[in-house]
A.B. asks: 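Sharing a structure below in structure tokens format, with a few things to ask.
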Protein chains: 2
Amino acid sequence: MVVERLPLYLRAISNLTKQGREVISSQDLGAELHTTPAQIRKDLSYFGRFGKQGRGYHAGRLLEELRHILQLDRTWNVTLVGVGRLGKAIISYPGFAPQGFRIVAAFDADSRQVGQLVGGLTVQPMSELERAVREKDVSIAIVAVPATQAQAVIQDLVKLGIRAILNYAPVTPRVPDSVRVKAIDPVLTLQSITYYLRPDGASLAGEEEQDERTPV
Amino acid sequence: MVVERLPLYLRAISNLTKQGREVISSQDLGAELHTTPAQIRKDLSYFGRFGKQGRGYHAGRLLEELRHILQLDRTWNVTLVGVGRLGKAIISYPGFAPQGFRIVAAFDADSRQVGQLVGGLTVQPMSELERAVREKDVSIAIVAVPATQAQAVIQDLVKLGIRAILNYAPVTPRVPDSVRVKAIDPVLTLQSITYYLRPDGASLAGEEEQDERTPV
DNA sequence: CAGCGATTGTGACTGTGGTTACAATCCTCG
DNA sequence: CGAGGATTGTAACCACAGTCACAATCGCTG
Ligand SMILES: NC(=O)c1ccc[n+]([C@@H]2O[C@H](COP(=O)([O-])OP(=O)(O)OC[C@H]3O[C@@H](n4cnc5c(N)ncnc54)[C@H](O)[C@@H]3O)[C@@H](O)[C@H]2O)c1
Ligand SMILES: NC(=O)c1ccc[n+]([C@@H]2O[C@H](COP(=O)([O-])OP(=O)(O)OC[C@H]3O[C@@H](n4cnc5c(N)ncnc54)[C@H](O)[C@@H]3O)[C@@H](O)[C@H]2O)c1
């Protein structure tokens with residue numbers, strides 16, 4: 001949970017730095033991210049003491065520390081499997097590289113996709129996957145194949161030694177515990193959002209709006 | 001947290017149903033979703049008693065109940081703002097409609113995008129946004145504009161009465177408490193994933209691997 | 001250099017989410 | 001129709017993430 005927030009902090013600090021800020025307080029960060037300063041201090045203190053009382057955190061220093069904690073002080077090679085509509089948007093997304101994630105190879109099972117040049121990369125056939133993972137030291141894969149293919153593709157990736165997967169397919173794949181899988185699924189997200197979209201903003205869940213509990 | 005899992009249950013039950021299953025136990029669901037049966041029972045019991053001891057849950061019944069809880073027993077009209085590379089992939093994604101999310105209008109500020117036909121929708125100029133939201137009863141918006149524009153666009157959407165936003169832009173926008181915002185950001189996701197990608201799988205965080213706590 | 005305002009780091013507390021264990025209940029089958 | 005196996009629902013328990021409050025510390029200023 002903490003770890004999921006650190007990238008958010010990273011982004012906020014980065015933004016404030018670009019605005020010329022040198023020193024940043026937990027208040028500043030809290031305001032930027034819409035959370036409480038205490039939360040931020042607690043999170044950071046979990047990894048070390050980076051601030052100065054009465055002053056705040058030195059932006060550059062904190063950036064570096066967070067990058068180090070998250071292992072973002074290096075480059076990560078990423079491979080993409082499934083270069084359909086979504087895959088194409090992902091490849092040509094310029095947001096990965098500046099953060100140290102380089103998509104170094106893209107693969108598709110469809111021969112009509114193979115050979116295409118997308119975002120500076122030539123789409124390769126699946127038969128080349130193994131070599132690429134090995135030679136290019138890839139440890140992260142982005143999966144953007146149809147749901148029916150996802151489990152099989154992911155299984156292959158795991159066999160090749162991939163250690164983390166960003167999965168766009170609407171499935172919950174089975175992987176060894178050693179492999180981290182994170183899913184991105186807009187439908188699931190929308191499906192939970194609607195829960196809160198009640199006319200009155202009322203809640204459900206067993207009528208717990210009765211604050212006086214009637215003892216049996 | 002519970003609410004975020006329900007869509008997962010929904011999907012799993014739906015899958016099992018398609019495989020012909022009529023009755024589903026918490027075990028089955030747990031196996032499918034890679035969680036514990038107890039977790040699932042607890043979650044469900046929070047909203048009511050849907051199962052039968054010794055048997056399990058009736059798939060159809062449970063599906064309906066979950067849909068009702070999440071307010072998915074209706075159609076939701078959605079609008080998309082920002083029809084760039086990502087926006088185009090989203091519009092033409094066939095996964096929304098079957099779950100009751102209909103993208104009924106798409107908007108872009110760039111006149112070169114306006115008028116284009118994408119996935120059965122004609123891209124409209126921003127000036128038409130207000131009318132569409134009003135006339136088509138849109139309460140959810142998907143935002144896929146550049147980061148620099150996101151806050152402004154979202155502010156406008158909120159003013160028009162949008163109650164939920166699925167935000168793809170890498171910013172944490174400020175919105176009133178009444179508006180739900182969920183972000184989808186693959187970079188943030190990758191940035192937290194790398195934390196766990198240590199060679200040995202070791203953890204960091206103040207060396208808490210010492211299980212014997214030395215009392216002060 | 002003392003006093004002051006600001007801000008951190010953290011101990012203590014709180015609440016909530018998750019796990020465990022089991023009584024209650026149900027279906028089936030002989 | 002009774003026994004047995006299966007499975008739920010939940011009470012009791014546990015753990016931990018988040019909140020609160022404050023002493024400790026810092027830089028600045030006069
Ligand atoms: N388009 C979106 O906005 C969107 C959003 C969320 C999730 N998704 C999911 O992402 C995935 C891809 O979506 P899309 O719209 O790009 O679909 P798509 O059909 O356009 O692309 C899928 C690509 O995967 C390739 N493929 C199929 N089987 C393969 C295999 N075994 N190995 C390698 N490549 C294979 C296909 O040739 C195709 O190019 C789907 O699972 C979809 O549900 C898409
Ligand atoms: N492409 C991806 O895979 C991807 C992944 C994650 C996040 N994102 C984010 O999604 C957003 C869009 O990404 P993209 O790759 O589609 O970029 P893009 O530049 O291809 O598309 C952005 C679109 O938004 C339009 N736009 C700009 N300002 C606008 C405004 N004020 N109102 C309405 N429309 C406006 C532009 O005309 C353009 O068509 C960005 O914030 C990006 O960071 C993209």
Side-chain angles (χ1 to χ4, degrees), chain A residues 1-6 8-9 12-13 16 21-59 61-63 65-66 69 192 195 203-209 211 213-216, chain B residues 1-6 8-9 12-13 16 21-59 61-62 65-66 69 192 195 203-211 213-216:
Chain A
M1 202 76 267
V2 188
V3 173
E4 268 69 21
R5 277 192 298 269
L6 296 187
L8 241 14
Y9 299 166
I13 299 163
L16 292 173
R21 304 289 306 277
E22 274 285 324
V23 172
I24 298 178
S25 71
S26 57
Q27 283 239 350
D28 299 334
L29 277 179
E32 183 86 2
L33 290 172
H34 201 229
T35 30
T36 75
Q39 172 81 81
I40 290 168
R41 289 202 301 278
K42 194 70 182 286
D43 284 352
L44 295 180
S45 79
Y46 188 59
F47 297 95
R49 308 182 186 183
F50 309 125
K52 282 219 176 76
Q53 280 112 325
R55 227 165 132 56
Y57 302 88
H58 178 66
R61 161 94 194 290
L62 189 50
L63 262 184
E65 293 284 1
L66 287 180
I69 293 166
S192 65
Y195 174 82
S203 89
L204 210 75
E207 269 57 78
E208 91 266 42
E209 54 269 11
D211 26 15
R213 194 77 57 80
T214 22
V216 184
Chain B
M1 201 80 265
V2 188
V3 173
E4 269 69 22
R5 277 192 297 269
L6 295 188
L8 241 14
Y9 299 167
I13 300 163
L16 292 173
R21 303 289 307 277
E22 274 286 323
V23 172
I24 298 178
S25 71
S26 58
Q27 282 240 348
D28 299 334
L29 278 179
E32 183 85 2
L33 290 173
H34 201 230
T35 30
T36 74
Q39 172 80 80
I40 290 168
R41 290 203 301 276
K42 191 71 182 289
D43 284 351
L44 295 179
S45 80
Y46 188 61
F47 297 94
R49 308 180 186 185
F50 309 125
K52 283 220 176 74
Q53 282 111 325
R55 228 164 130 56
Y57 301 88
H58 178 67
R61 162 93 193 290
L62 189 51
E65 293 284 2
L66 287 180
I69 293 166
S192 65
Y195 174 82
S203 89
L204 211 74
E207 269 58 77
E208 92 267 41
E209 54 268 12
Q210 51 185 8
D211 27 14
R213 193 76 58 81
T214 22
V216 184

A.B. asks: Between the side-chain atoms of B/K42 and the base atoms of C/dT19, is any donor-acceptor pair under 3.5 Å?
C.D. replies: yes

A.B. asks: Need to verify one output field. Residue with the more 5' nearest nucleotide on DNA chain D, A/V2 or B/F50?
C.D. replies: B/F50

A.B. asks: Would you say D/dT10 has OP1 or OP2 under 4.0 Å from some side-chain N or O of B/R49?
C.D. replies: yes

A.B. asks: Describe the nucleic acid contact of B/S25 in one word from base, sugar-phosphate, nothing, applying a heavy-atom distance below 4.0 Å.
C.D. replies: sugar-phosphate

A.B. asks: Starting from the 5' end of DNA chain D, give me the residue, A/R55 or B/G48, whose nearest nucleotide shows up first.
C.D. replies: B/G48

A.B. asks: Assess whether one donor atom and one acceptor atom, taken from the side chain of B/K52 and the base of D/dT7, lie less than 3.5 Å apart.
C.D. replies: no

A.B. asks: What's the shortest heavy-atom distance between B/A12 and B/E32, and which atoms?
C.D. replies: CB-CG, 3.8 Å

A.B. asks: Using OP1 and OP2 only, check whether a side-chain N or O of A/S26 sits under 4.0 Å from C/dT7.
C.D. replies: no

A.B. asks: On DNA chain C, nearest-nucleotide positions of A/G54 versus A/R41: which is more 5'?
C.D. replies: A/G54

A.B. asks: Could you tell me which non-hydrogen atom of B/I13 sits nearest to which non-hydrogen atom of B/A59, and how far apart they are?
C.D. replies: CG2-O, 3.8 Å

A.B. asks: Is atom CD of B/Q27 surrounded by more than 12 heavy atoms (other residues, nucleotides or ligands) closer than 6.0 Å?
C.D. replies: no

A.B. asks: Figure out the CZ/C1' separation between B/F47 and D/dG9, and round it to whole Å.
C.D. replies: 15 Å

A.B. asks: Could you tell me the separation between the CD atom of A/Q27 and the P atom of C/dT8, rounded to a whole number of Å?
C.D. replies: 8 Å

A.B. asks: Considering the options A/V2, A/I69, A/L62, which one meets the side-chain contact (heavy atoms from CB on, under 4.5 Å) requirement together with A/L44?
C.D. replies: A/L62

A.B. asks: Both B/Q53 and A/Q53 contact DNA chain C. Taking the nearest nucleotide for each, which residue is further toward the 5' end?
C.D. replies: A/Q53

A.B. asks: With a 4.0 Å limit, can you tell me whether A/Y57 has a side-chain N or O closer than that to the phosphate oxygens OP1/OP2 of C/dG9?
C.D. replies: yes

A.B. asks: I want to check one thing: is the phosphate of C/dT19, taken as OP1 and OP2, less than 4.0 Å away from some side-chain N or O of B/Q39?
C.D. replies: yes

